[in-house]
Amino acid sequence: MDLDAARKLWEPAPGWLNTASYGLPPRPALDDLHTALTQWRHGSTDWQPWDDTVTRSRAAFATLIGAPADDITLSSTASQIFSQIATALPPGSRVLVPDIEFTSNVYPWAMAAHVDTAAPDRLAEAITPHTSAVAFSLVQSATGHKAPLADIIEAARAHDTLVIADASQACGWLPVTTDGLDALACAAYKWLMCPRGAAFGYLSPRLRARMRPTAANWYSGTSMYGMPLTHRPGARAFDLSPAWFSYVAAAPTLELLNQLDLADIHAHNLALANRFRAGAGLPPGDSAIVSLDTDALGTGAETGRHLERAGVRAAVRAGKLRVSFHLYTSESDVDLALQALT
Ligand SMILES: Cc1ncc(COP(=O)(O)O)c(C=O)c1O
């Protein structure tokens with residue numbers, strides 16, 4: 001499907017520059033969700049049709065990252081997926097993370113291992129023979145910095161270090177594959193534009209063999225009542241029982257994304273990000289997230305409030321203004337923000 005035609009399915013109010021916080025849904029997703037809510041209100045259906053959207057979502061996410069659906073686990077949050085992965089770490093393990101990493105990809109490791117930190121662009125050289133796993137965002141939440149993926153994978157291979165990626169700020173605008181990764185987790189409520197409550201994980205077979213399904217439940221098992229405990233095959237053994245309504249809207253959204261050319265979305269988002277950067281006096285960048293030092297205008301929080309009064313919804317992270325641009329963002333949104341800043 002052509003991106004210009006697809007963009008008509010979104011109805012953002014002017015000035016939404018905060019997809020890094022949460023993404024907006026396309027109309028077909030809202031229509032399906034309204035239908036499901038009406039069914040719920042009247043009790044006019046079994047839950048099975050809602051559950052079918054879980055299967056569709058798993059398949060669509062697998063297609064998006066080019067992995068077998070068997071290797072995809074479903075959860076409600078990225079951090080819960082990381083907590084499950086942490087069961088693969090033996091006592092005494094060391095996990096290396098960027099020093100500005102979002103805590104959903106830090107705290108689960110801190111509960112299970114010793115955490116080492118390094119600057120995001122020095123991660124590869126900080127991997128040592130003692131590093132059990134390196135866990136990092138493909139795109140940093142606070143700054144939009146893109147991980148030096150090839151270098152990290154090469155260094156990790158040299159030391160048999162597990163490579164674990166957080167794709168929450170990447171999937172949906174940046175081409176993402178599982179090449180060289182042992183695991184990936186993605187909260188789907190940002191660039192994948194799904195409701196909060198849907199999260200996806202890729203778990204490689206070699207990693208799964210070391211993990212324990214400590215959140216076992218009726219959905220990850222094969223039976224609804226009593227013993228014995230039997231796990232479903234593949235990554236499904238690590239599923240949480242799904243938040244149905246999140247997947248009712250996730251399935252059509254992910255299927256729509258798969259009909260689009262990701263290269264078009266990538267080009268659209270970067271063009272807008274670079275329009276903003278040029279207007280704000282920054283050199284061109286390679287990320288759909290832009291972090292701007294606004295000290296000349298006041299603190300980040302003051303600038304955020306000023307933008308809000310001008311009708312721009314952005315975020316403040318690490319004391320800086322953070323703006324983010326997705327397929328439904330337009331040049332007029334960018335210009336609104338630039339006007340407010342000048
Ligand atoms: C990089 C990253 N990972 C994960 C999350 C969300 O984590 P969770 O799904 O555990 O709430 C965010 C939210 O901002 C994020 O920026």
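For the single chain, residues carry numbers from 1 onward in sequence order. Everything numeric in this text was worked out from a predicted model, so none of it was measured. Both counts, for ligands and for their atoms, begin at 1 and track the order of listing.
- Aromatic ring pairs are classed by plane angle as parallel below 30°, tilted from 30° to 60° and perpendicular above 60°; the pair Phe245 and Trp50 is perpendicular.
- Scanning the protein heavy atoms around atom 10 (O) of ligand 1, the nearest turns out to be Ser79 OG, 2.6 Å.
- The aromatic rings of Trp218 and Trp47 lie perpendicular to each other, with more than 60° between the two planes, well past the 30° mark.
- Distances shorter than 4.0 angstrom do not occur between any heavy atom of Ala199 and any atom of ligand 1.
- Within the 4.0 Å heavy-atom shell around ligand 1 one does not find Asn105.
- Of all protein heavy atoms, the one closest to atom 8 (P) of ligand 1 is Ser104 OG, 3.5 Å.
- Atom 16 (O) of ligand 1 has its closest protein heavy atom at Gln169 NE2, 2.9 Å.
- Residues Arg232 and Ala237 come closest through the heavy atom pair O-CB, 3.2 Å.
- Heavy atoms of Thr77 found under 4.0 angstrom from ligand 1 belong to the backbone as well as the side chain.
- At distances below 3.5 Å, at least one donor-acceptor pair connects side-chain atoms of Trp173 with backbone N or O atoms of Gln169.
- Listed by atom number, the atoms of ligand 1 under 4.0 Å from Ser137 heavy atoms are 1 (C).
- Ligand 1 has Lys190 within reach: a non-hydrogen atom of the residue lies less than 4.0 Å from it.
- The proximity of Arg317 to ligand 1, defined as any non-hydrogen pair under 4.0 Å, does not occur for either the backbone or the side chain.
- Every atom of ligand 1 is numbered from 1 in the order shown, and the set under 4.0 Å from a heavy atom of Ser141 is 16 (O).
- Counting heavy atoms under 4.0 Å from ligand 1, residue Tyr189 touches it through the side chain alone.
- Considering every non-hydrogen atom in both Ile85 and Ala183, the closest pair reads CD1-CB, 3.6 Å.
- Contacts of Ser168 with ligand 1, taken as heavy-atom pairs under 4.0 Å, involve the side chain alone.
- At a 4.0 Å heavy-atom cut-off, ligand 1 touches Ala187 through the side chain alone.
- Nearest non-hydrogen protein atom to atom 5 (C) of ligand 1 is Phe102 CE2, 3.5 Å.
- Heavy atoms of other residues, nucleotides or ligands lying less than 6.0 angstrom from NE2 of His34 number 12 at most.
- Taking every heavy atom of Arg196 and a limit of under 4.0 angstrom, the matching atoms of ligand 1 come to 9 (O), 11 (O).
- With Ser220 contributing its side chain and Ala216 its backbone, the two residues share no donor-acceptor pair below 3.5 Å.
- With hydrogens and angles ignored, the 3.5 Å screen pairs a side-chain donor or acceptor of Arg7 with a backbone N or O of Thr329.
- The only member of Val176, Ile81, Ile164, Asp71 that meets side-chain contact (heavy atoms from CB on, under 4.5 Å) when paired with Tyr202 is Asp71.
- For ligand 1, one of its N or O atoms has an N or O atom of Asp166 under 3.5 Å away.
- Checked by distance only, ligand 1 and Ser76 stay at 3.5 Å or farther apart across all their nitrogen or oxygen atoms.
- None of Phe61, Trp191, Phe200 except one satisfies the side-chain contact (heavy atoms from CB on, under 4.5 Å) rule with Cys171; the exception is Phe61.
- Of the possible polar contacts, none joining the Thr117 side chain to the Val97 backbone as a donor-acceptor pair under 3.5 Å is found.
- For ligand 1, the polar-atom distance check finds an N/O of Ala78 within less than 3.5 Å of one of the ligand's N/O atoms.
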